[in-house]
Each structure stands twice: as C-alpha cells, then as structure tokens.
Amino acid sequence: MGIYNTADVPLVCPRCHAEIEAEVYLHFGLCANFQKVRLGEQYPFMRGRRPQNGGPLPAEQPWGLGYVVCPACEKDFHCLAEIRDEKLTAVVPDLENPPFMADRELPGVIDCPGCGSHKTRFQIFDGYHVGRLLCDESACHHICLVRHNDAGLPLEVDYHPQRVGIIASTNT
C-alpha cells in the first residue's frame with residue numbers, strides 16, 4: 001500500500017466524461033499522516049527537504065501528481081494538483097500521462113523505436129490522445145509514450161509531454 005494524502009474534488013472523468021466527486025490520492029509532500037486536504041487549504045510539506053523527499057514544490061513547477069479511480073466507470077486516471085503559496089489551489093486530469101489500465105491493446109502496429117522489433121503492444125486509453133507502446137522483445141522491453149489522433153493512428157512515437165503552464169486557472 002502506498003502512502004498518500006487525499007482531496008475530494010469535483011472533476012470530469014476524462015475516460016467516461018461523467019461529472020464526479022473524486023477522491024484524489026496525492027503522492028507528494030508530507031504523506032505520513034494520510035491527511036485529507038481541501039481546495040484552498042495549506043498542503044503538508046516537510047520543511048528543509050527537497051520536493052522528491054516530501055519538501056515544498058518549487059514555484060516554477062507548482063504541480064504534484066495525483067491518482068483517481070472514477071466511481072462512475074471504475075477506470076483510473078492521473079491528475080495534476082496545483083500548489084500556490086503552499087496551498088492546494090486546483091486539481092485537473094493529466095491528459096499527458098496515460099492511466100495504468102488500458103482500454104484496448106493493438107499488437108504489432110508500431111515498430112519499437114528502441115530495437116525495431118514488431119513484437120510490440122500499443123495501449124490506447126479512452127479520452128486520451130497519448131497512448132503507451134510496450135516492446136515485448138526479450139532483449140529490449142522499451143516503453144514509451146505515443147501521441148495519436150482520434151482514430152488511434154500514431155502521430156508521434158517516443159512523445160515527451162511539455163509541462164510548462166499545464167494549469168492555466170484555479171478552481172477555488
């Protein structure tokens with residue numbers, strides 16, 4: 001079992017589009033007390049520590065990672081939680097970070113960019129334009145993101161999301 005804080009926030013599930021009251025598992029900051037945090041409240045951090053060790057997030061990168069399982073469709077997705085002045089100010093679905101559970105998997109449609117093998121699986125996630133490519137070649141096992149269009153056709157293999165300005169406004 002992981003250690004995390006939680007926040008109950010209204011969200012629209014990116015996978016089924018239902019409006020939900022989501023329990024978001026927040027995997028950053030001081031998580032030892034499993035604290036429930038509300039939007040607008042002070043977020044728990046460990047003073048004098050780096051962000052990866054429970055310390056405050058830097059002002060130029062004010063978001064931490066969250067995780068949700070939708071109560072409507074029971075599918076998972078990641079969220080970004082925005083912290084401003086050490087307060088939780090917004091939580092939004094992270095559409096650049098694919099969930100853990102794929103909706104469908106297509107074998108061999110994209111060659112592995114690491115070894116060129118056809119022994120690959122392309123995972124597609126409903127509501128996302130970013131999928132995951134897994135290489136099943138025993139000597140490789142390359143994993144990368146793939147940006148795709150609405151039909152699931154690959155546009156960019158080995159995609160690297162940009163995180164600058166990801167949350168434009170707050171929902172407090």
Side-chain angles (χ1 to χ4, degrees), residues 1-41 43-44 52 54 57 62-83 87-110 119-136 141-163 166-172:
M1 178 175 149
I3 296 177
Y4 49 82
N5 295 314
T6 61
D8 293 332
V9 296
L11 291 173
V12 174
C13 174
R15 301 189 75 183
C16 73
H17 308 291
E19 293 182 15
I20 59 172
E21 183 70 21
E23 180 180 39
V24 182
Y25 304 111
L26 301 166
H27 298 275
F28 62 95
L30 174 60
C31 298
N33 298 326
F34 298 95
Q35 194 168 335
K36 186 168 282 284
V37 183
R38 289 192 268 262
L39 288 172
E41 286 186 347
Y43 193 85
Q52 63 269 30
L57 302 177
W63 49 87
L65 184 62
Y67 178 76
V68 173
V69 175
C70 175
C73 67
E74 298 183 350
K75 294 181 180 177
D76 67 328
F77 61 95
H78 292 98
C79 289
L80 292 173
E82 182 181 55
I83 304 293
K87 293 181 181 172
L88 179 63
T89 56
V91 178
V92 297
D94 183 358
L95 299 178
E96 296 290 293
N97 186 3
F100 293 123
M101 299 177 281
D103 290 298
R104 58 198 165 281
E105 210 170 73
L106 306 173
V109 296
I110 304 171
K119 292 173 64 175
T120 61
R121 294 175 283 138
F122 177 39
Q123 296 179 328
I124 297 177
F125 306 87
D126 290 343
Y128 286 74
H129 285 102
V130 176
R132 188 179 299 117
L133 181 68
L134 308 168
C135 179
D136 291 326
H141 294 293
H142 186 82
I143 299 172
C144 67
L145 297 180
V146 177
R147 202 168 53 83
H148 60 84
N149 64 14
D150 289 335
L153 298 173
L155 299 174
E156 183 180 351
V157 177
D158 221 359
Y159 172 65
H160 298 280
Q162 300 299 310
R163 294 286 183 207
I166 199 84
I167 300 176
S169 63
T170 62
N171 50 352
T172 57

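Side-chain atoms are counted along with the backbone in the values below, which use heavy atoms only and exclude waters and symmetry mates.
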Given Ile83 and Leu88, is the side chain to side chain contact (heavy atoms under 4.5 Å, CB included) satisfied, shown in steps?
CA-CA 5 Å; Ile83 304 293; Leu88 179 63; 4.0 Å; yes

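- With rounding to the nearest 0.5 Å, the separation of CZ in Phe122 from CG in Leu133 is 7.5 Å.
- Within the 4.5 Å cutoff, no side-chain heavy atoms of Leu57 are placed close to those of Pro62.
- The closest side-chain heavy-atom distance from Thr6 to Phe34 is not below 4.5 Å.
- A 4.5 Å side-chain heavy-atom check between Asp103 and Ile124 finds every atom pair outside the cut-off.
- For Phe125, the ring-ring contact (aromatic ring centres under 6.0 Å, His included) criterion is met by no residue, not counting sequence neighbours.
- The side-chain heavy atoms of Leu11 and Cys79, taken from C-beta on, include a pair separated by under 4.5 Å.
- Contact between Leu95 and Pro14 at its shortest, heavy atoms only, is CD2-CB, 3.5 Å.
- Residue Glu74 qualifies as open at atom CD: its count of foreign heavy atoms under 6.0 Å is 12 or below.
- Looking at heavy atoms from C-beta onward, Leu65 lies in side-chain contact with Asn97 at the 4.5 angstrom threshold.
- Taking the centre of each ring, Phe77 and Tyr128 stay at or above the 6.0 Å mark.
- A 4.5 Å side-chain heavy-atom check between His141 and Cys135 finds every atom pair outside the cut-off.
- Taking 4.5 Å as the limit, some side-chain heavy atom of Arg15 sits within range of a side-chain heavy atom of Asp76.
- Within the model, atoms CG of Leu155 and CZ of Arg147 stand 5.0 Å from one another, a figure rounded to the nearest 0.5 Å.
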Does the side chain to side chain contact (heavy atoms under 4.5 Å, CB included) test come out yes or no for Val146 and Gln123, once each step is laid out?
CA-CA 9 Å; Val146 177; Gln123 296 179 328; over 6 Å; no

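- Ring geometry for His148 against His129 counts as tilted: the plane angle lies between 30° and 60°, on a 0 to 90° scale.
- Rounding to the nearest 0.5 angstrom, the gap separating the NZ atom in Lys75 from the SG atom in Cys16 is 8.0 Å.
- Atoms CG and CG, on Leu80 and Leu26 in that order, are 11.0 Å from each other to the nearest 0.5 Å.
- Scanning for side-chain contact (heavy atoms from CB on, under 4.5 Å) contacts around His17 gives an empty result, with sequence neighbours left out.
- Looking at heavy atoms from C-beta onward, Asn5 lies in side-chain contact with Tyr43 at the 4.5 angstrom threshold.
- Between Phe100 and Tyr67, the distance separating the two ring centers is shorter than 6.0 angstrom.
- Atom CG of Asp8 sits about 10.0 Å away from atom CG of Leu39, to the nearest 0.5 Å.
- Around the CD atom of Gln52, the shell of radius 6.0 Å holds more than 12 heavy atoms that belong to other residues, nucleotides or ligands.
- Rounded to the nearest 0.5 angstrom, Leu145 CG and Asp158 CG are separated by 8.0 Å.
- Pro98 and Gly131 get closest at one heavy-atom pair: CG-O, 4.2 Å.
- Of all the heavy atoms in Val12 and Glu19, the pair that sits closest is CG2-CG, 4.0 Å.
- A salt bridge links Arg104 to Asp126: one of the charged nitrogens lies within less than 4.0 Å of a carboxylate oxygen.
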With side chain to side chain contact (heavy atoms under 4.5 Å, CB included) as the test, would you mind laying out the steps for Gln35 and Leu30 before giving the verdict?
CA-CA 9 Å; Gln35 194 168 335; Leu30 174 60; 6.0 Å; no

